[in-house]
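Structure record follows, encoded as structure tokens.
These numbers come from the heavy atoms of this one structure, side chains and all, not from hydrogens, waters or symmetry mates.
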Amino acid sequence: MRRGVPRTLDDIKHPGPIASQRRPSLPCHAEPVALSLSDGGGLLEKLGQWIEASGYQSAILDLGGVELNAFDYVMPDRAIDDRHAAWYSDKQASEGSTLIEAVAILGLRDGKWFAHIHAYWLENGNVHLGHLLPDSVSLARKADLTGYGLTGAGFEAEYDLETEFTLFRIKPSQTIVAPSTPPNALITTLAPFEDLHDSICDLASTIGANTFKVVGLGSLAGAEFTSSPPMTGLISEILLQSGSGCEPNQGQRIQIRCIDLDGNLHQGVAQPGGCPTLVTCELLLISTD
């Protein structure tokens, strides 16, 4: 039996000790990448082969426009026990579709390459947003991907004491970054209740970035937007949309797409102080100065 629906932030209780670092970050070098993948075969295997050959420590890739065969996914839901603050829905099945928007974070889990994927797609006249199960994903057609390959730091899955989830955490490189690739970015994994907008603003200042791009995914405990109705549900999954960041003379705009536990879809520009993290948000900030 699943737990009740949280009505306020005070209803959301994570089981473990509160982590001392709420916005941990590491500098890294983010290199724009473009890669072509043949159709057929598992996406995770193909991405693993590519990153092994490239020498990157992690990567964040845009899967928008990628056409997939049938795949499995889950959506946000209430916890299935008396410890976790939230959980996933039962496994859902897609007949296959072209992803409209999607973010994939590629890192290590138990010594093997793993992809954390949030995607938005249209299927049989209905739009969906979900957490794709990477072992189930294969390409229906040849795909051309873009994104960023990371050196100097990366993402690695480990057990998180505060939430009792296995999550991507940031890890420094075990090798020395060459002087020709100085840091131009940072990666972070936000702790519960850290505000998405405000965290990005503060972290950008640590790399001295007046203008920057930000990409990533995560979960929020509700969301307020600058010019669209709020997401009042407190269990959700999100992806950051293209164009998020800070452009010259425009200020910071974090554009997000969300789904709550009732399957309601939301989209908008994050309101400062209005987007608390539920479990974590995994982000890459790239200076464009």
Side-chain angles (χ1 to χ4, degrees), residues 1-19 21-24 73-92 101 103 105 116-120 127-132 160-168 188-202 214 216-241 244 253-283:
M1 180 179 295
R2 293 184 183 267
R3 293 175 65 176
V5 176
R7 302 298 181 185
T8 70
L9 289 181
D10 289 339
D11 294 335
I12 299 173
K13 307 292 186 184
H14 291 283
I18 297 174
Q21 294 190 50
R22 310 308 292 166
R23 300 171 181 174
Y73 66 98
V74 292
M75 297 183 294
D77 207 336
R78 296 162 294 154
I80 57 175
D81 55 30
D82 61 358
R83 296 193 61 78
H84 293 88
W87 199 249
Y88 303 105
S89 70
D90 294 337
K91 186 168 66 176
Q92 310 289 311
E101 295 175 316
V103 177
I105 299 181
H116 188 185
I117 307 170
H118 286 188
Y120 173 74
V127 287
H128 303 266
L129 195 158
H131 170 111
L132 274 55
D160 177 63
L161 292 175
E162 180 173 352
T163 65
E164 294 190 358
F165 279 96
T166 297
L167 305 171
F168 270 151
T188 184
T189 52
L190 302 184
F193 307 114
E194 292 301 299
D195 185 77
L196 176 66
H197 180 282
D198 295 354
S199 296
I200 291 171
C201 183
D202 291 346
V214 58
L217 50 76
S219 59
L220 296 178
E224 295 180 3
F225 305 108
T226 59
S227 59
S228 53
M231 177 177 67
T232 57
L234 300 184
I235 296 177
S236 75
E237 291 194 337
I238 73 162
L239 60 82
L240 273 63
Q241 297 182 279
S244 292
R253 286 174 56 88
I254 309 303
Q255 302 173 181
I256 56 178
R257 194 181 289 280
C258 324
I259 186 169
D260 64 24
L261 61 78
D262 294 319
N264 299 313
L265 292 166
H266 304 266
Q267 179 185 8
V269 176
Q271 177 73 36
C275 296
T277 298
L278 175 61
V279 176
T280 191
C281 290
E282 303 159 4
L283 307 172

Contact between [X] and [Y] at the side-chain level, heavy atoms closer than 4.5 Å - yes or no?
| X | Y | answer |
| --- | --- | --- |
| Gln92 | His128 | no |
| Glu237 | Met75 | no |
| Leu265 | Val127 | yes |
| Ser227 | Val269 | no |
| Phe225 | His266 | yes |
| Asp262 | Val5 | no |

Considering non-hydrogen atoms only, spot the tightest contact between [X] and [Y] and give its length.
| X | Y | result |
| --- | --- | --- |
| Ile12 | Ala85 | CG2-CB, 3.8 Å |
| Ile235 | Leu278 | CA-CD2, 3.8 Å |
| Pro15 | Arg83 | CD-O, 3.3 Å |
| Gly268 | Ser228 | CA-OG, 3.7 Å |
| Thr189 | Glu282 | CG2-CG, 4.1 Å |
| Glu162 | Ala19 | OE1-N, 3.0 Å |

Distance, nearest 0.5 Å, that separates [atom1] of [X] from [atom2] of [Y]:
| X | Y | atom1 | atom2 | value |
| --- | --- | --- | --- | --- |
| Ile259 | Asn264 | CD1 | CG | 8.0 Å |
| Ile200 | Leu283 | CD1 | CG | 5.0 Å |
| Gln271 | Asp198 | CD | CG | 9.5 Å |
| Arg257 | Gln241 | CZ | CD | 4.5 Å |
| His14 | Phe193 | NE2 | CZ | 4.5 Å |
| Ile238 | Leu220 | CD1 | CG | 4.0 Å |

Just by modelled atom types, is the [Y] backbone N or O under 3.5 Å from a matching donor or acceptor in the [X] side chain?
| X | Y | answer |
| --- | --- | --- |
| Ser89 | Asp77 | no |
| Asp260 | Leu234 | no |
| His118 | Val103 | no |
| Asp202 | Ser199 | no |
| Ser219 | Val279 | yes |
| Asp160 | Thr166 | no |

Take atom CZ of Arg253 as the centre, draw a 6.0 Å sphere, and report whether it contains more than 12 heavy atoms from other residues, nucleotides or ligands.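 No - once you tally the heavy atoms of other residues, nucleotides and ligands closer than 6.0 Å, there are 12 at most.
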Enclosure of Ile18 CD1 (heavy-atom neighbours >12, cutoff 6.0 Å):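 No - once you tally the heavy atoms of other residues, nucleotides and ligands closer than 6.0 Å, there are 12 at most.
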Testing Asp90, Asp82, Asp81 one by one against Arg2 for a salt bridge (Lys or Arg N to Asp or Glu O under 4.0 Å), which residue passes?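 Per the salt bridge (Lys or Arg N to Asp or Glu O under 4.0 Å) rule, the option paired with Arg2 is Asp90, out of Asp90, Asp82, Asp81.
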Parallel, tilted or perpendicular for Tyr88 and His131, by the 30°/60° rule?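 Plane angle between 30° and 60°, so tilted.
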